Amino acid sequence: MTAARSLVVDLGGIVLPTPVMIAAGCGGTGRELVGLVDLRRVGAIVSRTITVTERVGADMPRIAESPAGIVWETGLQNPGLDPFVSGELLRLARGGARIVVSIGGGSLEEYVHMTSVLQGRPEVAAIEIHLSGRDDELDRDVLGAHPDRLNEIVGAVARMSLVPVFAKLPGGCDDVVGLARTAVRAGATGVTLLASPPALGLDATRERLRIGTVSGWLSGPALKPITLRAVFDVAQALPDVPVIASGGVRTGEDAVECLLAGAWAVQVGTATLTDPAAAVTVAQGIVRRLNAAGLTSPAGLRGRLRPPEPTGAESHPVSTP
Amino acid sequence: MTAARSLVVDLGGIVLPTPVMIAAGCGGTGRELVGLVDLRRVGAIVSRTITVTERVGADMPRIAESPAGIVWETGLQNPGLDPFVSGELLRLARGGARIVVSIGGGSLEEYVHMTSVLQGRPEVAAIEIHLSGRDDELDRDVLGAHPDRLNEIVGAVARMSLVPVFAKLPGGCDDVVGLARTAVRAGATGVTLLASPPALGLDATRERLRIGTVSGWLSGPALKPITLRAVFDVAQALPDVPVIASGGVRTGEDAVECLLAGAWAVQVGTATLTDPAAAVTVAQGIVRRLNAAGLTSPAGLRGRLRPPEPTGAESHPVSTP
Amino acid sequence: MKRARAEILSTRRVGAYRSITLVAPEIAERSRPGQFLAIAMPEGRAFILRRHFSIHQASRHGGWAGTLEFVVDPSVGAGTGWLAGAGAHEFLDVIGPLGKAFSYPKRLTNCLLLAEGRGAASLFFLAQELVARHKRVDMILGGRTLESVFKPVDAKRLSQTVVVMTADGSLGERGGILDALPDAVARADAEVVYAVAPAPTLRSIAAFCREHRLPAQVAIEERMGCGFGLCNTCVVPVATKDRSAYENLRACVDGPVFDPSRILWDRWLGELPIVPPTAEPVPAIPHGGGEP
Amino acid sequence: MKRARAEILSTRRVGAYRSITLVAPEIAERSRPGQFLAIAMPEGRAFILRRHFSIHQASRHGGWAGTLEFVVDPSVGAGTGWLAGAGAHEFLDVIGPLGKAFSYPKRLTNCLLLAEGRGAASLFFLAQELVARHKRVDMILGGRTLESVFKPVDAKRLSQTVVVMTADGSLGERGGILDALPDAVARADAEVVYAVAPAPTLRSIAAFCREHRLPAQVAIEERMGCGFGLCNTCVVPVATKDRSAYENLRACVDGPVFDPSRILWDRWLGELPIVPPTAEPVPAIPHGGGEP
Ligand SMILES: Cc1cc2nc3c(=O)[nH]c(=O)nc-3n(C[C@H](O)[C@H](O)[C@H](O)COP(=O)(O)OP(=O)(O)OC[C@H]3O[C@@H](n4cnc5c(N)ncnc54)[C@H](O)[C@@H]3O)c2cc1C
Ligand SMILES: Cc1cc2nc3c(=O)[nH]c(=O)nc-3n(C[C@H](O)[C@H](O)[C@H](O)COP(=O)(O)OP(=O)(O)OC[C@H]3O[C@@H](n4cnc5c(N)ncnc54)[C@H](O)[C@@H]3O)c2cc1C
Ligand SMILES: Cc1cc2nc3c(=O)[nH]c(=O)nc-3n(C[C@H](O)[C@H](O)[C@H](O)COP(=O)(O)O)c2cc1C
Ligand SMILES: Cc1cc2nc3c(=O)[nH]c(=O)nc-3n(C[C@H](O)[C@H](O)[C@H](O)COP(=O)(O)O)c2cc1C
Ligand code: FES
Ligand code: FES
């Protein structure tokens with residue numbers, strides 16, 4: 001049995017020490033995780049989604065629990081691009097982790113502007129394009145749900161960017177494979193699957209909404225089967241495209257499931273809120289698994305998936321001689 | 001405090017004794033629930049989805065658990081329309097419950113044929129149109145995800161049907177309100193929100209898929225926040241349209257949440273598999289709530305939803321004098 | 001089929017397994033060998049579905065009247081683990097008896113019963129009923145190790161002969177139950193075979209019985225959503241009566257006991273392309289029920 | 001901020017609440033009044049997030065050195081209910097101390113502390129530290145009934161005067177803590193006000209203090225995703241220093257202790273349209289920390 005030599009993964013140009021990243025909006029501002037987790041052992045931190053100008057964010061309360069999940073809405077609260085670049089970005093990088101900057105906007109111009117500002121910043125290892133917000137220009141609810149627009153935005157960012165670009169596809173879209181194909185054709189290095197789908201939290205006893213802005217987004221373990229399906233379908237259709245799984249990864253086993261389904265890396269969001277070291281413990285789980293399977297790299301898990309064992313065969317302690 | 005006079009709801013022409021229905025594919029074939037639940041106290045049973053010709057169904061295994069959910073795939077196993085009408089339909093009706101027949105197909109012709117056969121059958125209280133399957137004619141993955149096609153299919157069924165018609169919108173579509181509007185414009189009496197979204201089940205330890213056909217659908221409590229959001233958004237946009245909530249309703253409280261969000265009725269699927277009397281216990285929960293609130297009908301819950309209470313105000317045992 | 005809030009009377013270790021006795025008179029009264037229970041898991045945990053367990057004993061008379069016993073392999077997962085930890089005086093939400101029972105032969109006499117591991121639990125119940133009907137019972141019990149052979153000593157009270165097979169040779173002979181089948185059939189002059197074992201073993205048993213034109217019944221397991229026929233998730237491909245086609249029958253209501261010659265094993269176990277079932281019918285034990 | 005697997009040393013009932021003492025030396029050592037803990041809920045249940053509790057006592061010296069005490073209102077929901085049922089020798093996964101502490105006045109002396117219900121837990125810790133700094137402490141404790149007034153008898157050891165207010169008049173005077181505020185300020189010649197109470201009460205206290213130009217600090221609560229600054233879900237709208245605008249500050253790292261004159265109460269409590277904070281600044285207690 002060979003020991004896992006390394007967890008290093010190369011996502012089309014961005015080399016990460018482990019395939020476990022901290023998801024956008026769940027990693028703080030560069031100060032908070034210091035002391036709670038060894039950031040050099042985190043694959044990468046994705047920043048919260050940054051917009052050109054400051055956003056004060058959504059009304060309170062912003063979070064509620066749901067069955068195996070949370071419903072949340074921050075309204076993309078962030079200081080705006082320039083303050084981010086001169087403050088949070090530097091702090092995040094100082095912690096020792098690779099930084100992926102998540103950019104969001106409502107118009108082509110905003111995405112282009114952000115990409116131009118982030119170019120040449122040595123702290124930026126990659127860009128993740130947030131595509132779940134409103135399209136202010138075309139007056140559509142979900143900017144990234146439309147192939148035409150996805151093509152345009154991702155294309156513009158990818159053409160300008162000197163670092164790899166990942167399109168984080170909106171959750172709750174019917175044609176994930178089609179959108180992934182569009183993003184990759186437009187120049188994306190890879191895709192993050194998926195952003196949180198729209199959700200509502202409600203307190204029946206008090207007859208009240210739970211989230212100040214009325215609606216929010218669903219995150220957490222509840223999403224895992226949806227994430228796995230998106231990852232599997234896209235990986236089958238586009239086997240050479242780096243796929244990052246996001247949604248419901250909490251344990252090393254969850255991460256192994258994603259890698260088996262075809263992901264090149266995973267992100268842990270909600271899990272980090274409970275266990276700030278989740279990205280490291282999840283990576284340790286992957287190592288244990290690689291060692292047990294005699295694999296030398298996380299990529300070795302891709303393509304090992306077999307059809308289900310017949311129920312009757314696994315339910316008994318004895319296998320046929 | 002007035003007592004709930006009755007749970008009767010009128011969904012645009014179909015009058016149900018309670019607003020709690022058993023969801024499609026979770027109510028058996030008319031024999032199984034007898035003795036486990038008093039079917040006269042069930043709002044309605046939706047049949048499994050029926051197709052023109054028999055389907056032997058999907059490969060085994062067909063079900064696995066996921067966090068707060070199940071992943072399943074039956075492949076719409078059913079005896080085909082004619083055997084259904086002469087056997088299962090009669091048996092279902094004999095139990096004393098109102099019957100909604102779920103029809104599915106891959107072409108306009110199939111939907112039209114099924115509607116024509118079901119017309120004039122006194123056992124059929126309403127039709128629910130399953131729209132999550134493949135579109136064989138147009139070679140698309142999800143027939144009902146496309147407004148053009150939704151309009152065509154729902155329009156044809158609604159024009160022919162003598163009983164109310166509900167469009168069960170596919171889960172995992174970005175523009176639920178748009179699809180609901182299309183369905184209603186095409187003539188649907190109301191909408192069922194939502195069908196199960198696509199999902200995958202995977203066993204990391206055994207490196208195996210859990211479902212014989214590879215992929216399946218997600219059901220169960222995990223979906224509740226997504227269901228509530230769809231119901232809320234559609235009810236806000238189309239307040240006069242009967243909305244049936246499906247996805248994650250397990251308790252009376254869940255049902256009350258759906259009604260508060262704007263649903264006219266709810267369906268219980270997965271919950272029925274664990275508690276065959278779920279549709280009745282959920283309805284009892286609604287009654288208790290109506291009594292406590294001094295309401296006389298489930299419709300009274302619609303529109304009572306208020307914004308969230310500030311956290312600081314509810315977290316202490318004493319309220320301000 | 002009844003639903004009951006049933007008190008656990010007692011639990012005890014039986015080798016690698018945990019045996020649980022419930023007070024559930026209405027279910028016990030109706031239970032027959034081969035049938036099973038659907039047991040609800042605790043609320044507020046990571047469980048969605050019920051878990052299913054074969055009935056090991058159902059006492060209608062005597063000091064244990066109204067009790068039911070089933071056997072749990074606690075090593076499978078969270079649900080079996082939880083059940084194995086449940087203690088006396090706790091209550092379980094139980095639905096049962098579920099499924100079709102083994103049928104008893106009307107004319108034939110010599111019955112050979114084979115089981116691997118905990119599968120033997122339902123065969124003990126069957127053996128009892130067969131003996132009460134003046135049938136001769138012989139048993140083959142298997143397991144990976146001596147711990148996983150179910151009640152080899154008790155078997156001797158019901159059975160003319162008991163052959164024990166273990167994969168590691170720690171009890172009885174080294175090998176699987178299949179290895180002991182031809183000899184046992186000859187020695188016992190077996191006329192009917194009953195088996196509960198992993199599906200691949202059952203497939204081999206089915207082939208043997210077909211070859212030797214022995215009528216047989218097997219109890220199979222398929223992943224279940226409900227256990228009482230609502231969801232169509234527990235299906236097994238079974239040839240139609242005329243063997244011209246097959247249907248996916250629900251293991252929970254049409255099974256779990258099937259005539260093995262009618263199961264499309266290769267289709268079910270998904271390892272080979274679909275092959276048509278044998279055209280030549282094998283004599284079947286009258287299906288479902290038998291003498292009450 | 002540390003993470004620890006902390007053993008429960010003991011738990012006891014305190015009126016309507018449950019008080020839990022943990023062995024967590026690293027956290028206890030760093031804890032200051034106003035700070036809180038984030039406690040992980042058990043695995044495999046219907047919990048996703050940690051639950052948050054103010055620190056009631058942190059013993060650095062003496063027989064209880066290395067212990068931490070916090071107070072749970074078990075009636076809120078599943079998580080507080082579970083915690084209240086936890087027993088000695090169980091282990092909790094705790095992160096703390098979290099958040100900014102109350103600051104102690106440098107020059108001013110007379111401190112009035114007001115709390116409703118379990119909110120008093122952190123004010124006892126504060127009172128201790130103030131007394132150790134030779135400040136005069138007076139207290140107003142409120143509750144719905146006598147059961148929900150937190151430790152009214154113990155308060156007398158720390159406080160020059162203790163006024164108890166209950167909504168039903170079952171202990172002390174009938175009324176809320178607000179009703180007792182003007183008199184208490186006059187009687188104690190209060191120079192500084194500290195308060196922990198439901199947000200609407202805090203808003204009224206803020207208005208009173210602003211009107212009387214009394215520096216104040218309040219500890220607030222907002223629903224939290226993490227408790228240590230990662231998720232931006234716990235925000236409170238707070239005026240910028242120059243009061244020209246506001247920012248949504250995280251209650252978990254920028255609070256939970258805030259200068260009440262800078263909170264945009266109406267915006268936060270969502271009942272009125274957004275109004276700009278008062279233009280005229282109120283003297284503030286030096287923010288965060290104070291003398292160690
Ligand atoms: C008709 C029938 C009778 C049964 N009788 C018994 C019995 O008498 N004693 C006993 O110990 N077990 C019996 N089983 C199997 C038992 O139901 C499963 O082992 C149990 O449901 C697993 O639950 P879990 O929570 O422990 O494992 P889970 O965490 O649910 O699953 C762990 C793994 O176990 C396997 N598994 C899950 N469900 C089943 C299933 N229904 N059948 C087989 N394997 C499964 C899968 O590999 C799964 O990944 C029976 C099953 C059926 C269908
Ligand atoms: C900084 C801080 C300090 C706190 N200190 C204490 C303390 O010392 N003692 C104590 O008993 N409680 C304290 N709380 C409140 C406590 O965290 C919540 O009551 C608890 O999280 C509710 O969990 P639950 O599982 O019991 O209820 P849940 O089932 O999660 O919620 C039940 C209801 O409680 C309310 N609720 C949920 N979360 C919060 C929250 N974070 N704050 C307020 N209300 C909430 C909501 O109305 C919710 O619907 C504090 C909260 C914060 C933010
Ligand atoms: C509190 C919170 C804030 C988030 N903020 C962002 C964000 O700013 N941008 C973004 O793309 N995703 C954001 N997300 C989504 C996560 O990045 C992640 O995709 C999602 O939570 C699903 O993964 P999980 O189940 O691991 O949490 C946020 C999630 C949470 C819980
Ligand atoms: C085993 C099973 C079979 C189902 N079969 C159908 C079906 O035939 N047609 C259909 O429209 N929905 C079917 N559904 C979906 C349910 O009707 C329901 O929409 C979904 O399960 C979500 O609701 P729930 O969370 O209450 O289960 C099925 C669900 C399950 C679990
Ligand atoms: S398990 Fe539901 S039909 Fe058999
Ligand atoms: S609770 Fe997460 S930032 Fe405050």
Side-chain angles (χ1 to χ4, degrees), chain B residues 22-37 45 48-49 54-79 201 203 205 209-213 216 219-222 250-251 269-278, chain C residues 1-4 26 30 38-52 76-79 93 95-96 98-99 199 220-238 240 245-254 263-265 267-271 274:
Chain B
I22 296 178
C26 301
T29 66
R31 283 198 187 93
E32 300 80 6
L33 282 173
V34 176
L36 284 173
V37 58
I45 298 187
R48 53 177 154 174
T49 296
E54 181 187 1
R55 297 216 179 161
V56 291
D59 285 346
M60 287 62 72
R62 291 182 170 183
I63 193 160
E65 284 184 335
S66 70
I70 57 174
V71 179
W72 59 273
E73 173 60 290
T74 59
L76 299 189
Q77 179 173 348
N78 81 92
D203 181 335
T205 313
L209 288 158
R210 286 189 188 274
I211 303 289
T213 46
S219 292
R250 200 178 59 87
T251 65
T270 307
T272 305
L273 308 189
T274 306
D275 173 7
Chain C
M1 175 188 5
K2 290 281 162 190
R3 183 172 176 185
E26 286 203 311
R30 292 168 170 76
I39 300 190
M41 294 289 104
E43 285 283 308
R45 310 277 186 101
F47 297 112
I48 297 290
L49 301 169
R50 285 176 183 260
R51 300 294 190 268
H52 303 91
V76 177
D93 169 354
I95 297 179
L98 296 166
I220 63 94
E221 290 181 12
E222 183 49 79
R223 214 72 52 88
M224 291 183 175
C226 61
F228 27 90
L230 299 182
C231 70
N232 248 311
T233 57
C234 60
V235 300
V236 181
V238 175
T240 50
Y246 79 94
E247 273 182 292
N248 280 322
L249 294 186
R250 289 163 296 176
C252 68
V253 289
D254 303 313
I263 293 179
L264 280 73
W265 294 96
R267 170 122 198 70
W268 183 34
L269 303 183
E271 288 155 27
I274 302 162

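A note on names: the letters A, B, ... follow the listed sequences, proteins ahead of strands, and every chain is numbered from 1. Here the structure is a predicted model, which is why all the values come from computation and not from measurement. Side chains are part of it too, since the values below use all heavy atoms of this structure and drop only hydrogens, waters and symmetry mates.
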Spatial distance of atom CG (B:Leu33) from atom CE (C:Met1) [nearest 0.5 Å]: 8.5 Å

Side chain, backbone, both or neither: which part of B:Thr270 has a heavy atom under 4.5 Å from chain C? side chain

Under the 3.5 angstrom rule, does the side chain of B:Thr74 hit a backbone N or O of C:Cys231 as a donor-acceptor pair? no

Of all heavy-atom pairs between C:Leu230 and B:Glu32, which one has the smallest distance, and what is that distance? CD2-CB, 3.9 Å

Which answer fits C:Arg250, side chain, backbone, both or neither, if we ask what part of it has an atom under 4.5 Å from a heavy atom of chain B? side chain

Once you round to the nearest 0.5 Å, how far does CZ of C:Arg3 lie from CG of B:Leu36? 8.0 Å

Tell me, which pairs form a side chain to side chain donor-acceptor pair (under 3.5 Å) where one or both residues lie in residues 228-238 of chain C, sequence neighbours left out? none

Considering non-hydrogen atoms only, spot the tightest contact between B:Pro221 and C:Ile48 and give its length. CD-CD1, 4.0 Å

Counting only non-hydrogen atoms closer than 4.5 Å, does B:Ala58 touch chain C with its backbone (N, CA, C, O), its side chain (CB onward), both, or neither? backbone

Heavy-atom distances under 4.5 Å only: say whether B:Arg31 touches chain C with side chain, backbone, both or neither. neither

Between C:Met41 and chain B, with a heavy-atom cut-off of 4.5 Å, which part of the residue counts as in contact: side chain, backbone, both or neither? neither

What residue in C:Glu247, C:Lys2, C:Arg51, C:Arg45 has the most heavy-atom pairs under 4.5 Å with chain B? C:Arg51

Below 4.5 Å from any heavy atom of chain C, which atoms of B:Pro67 appear? Answer side chain, backbone, both or neither. neither

At a heavy-atom distance under 4.5 Å, which candidate from B:Glu54, B:Arg48, B:Glu65, B:Arg250 has the highest pair count against chain C? B:Glu65

Provide the closest heavy-atom pair for B:Ile63 versus C:Met224 in the form atom of the first, atom of the second, distance. CG2-C, 4.0 Å

Any idea which of C:Pro237, C:Cys226, C:Ala40 has the most non-hydrogen atom pairs under 4.5 angstrom with chain B? C:Cys226

Shortest non-hydrogen contact from C:Tyr246 to B:Val56? OH-CG2, 3.7 Å

Is there a side-chain contact (heavy atoms from CB on, under 4.5 Å) between C:Val235 and B:Met60 once you walk through the steps? CA-CA 7 Å; C:Val235 300; B:Met60 287 62 72; 3.3 Å; yes

Check the pair C:Asn248, B:Arg62 against side-chain contact (heavy atoms from CB on, under 4.5 Å), reporting the backbone distance first and the verdict last. CA-CA 12 Å; C:Asn248 280 322; B:Arg62 291 182 170 183; 3.4 Å; yes

By side-chain contact (heavy atoms from CB on, under 4.5 Å), C:Ala46 pairs with (sequence neighbours left out) none

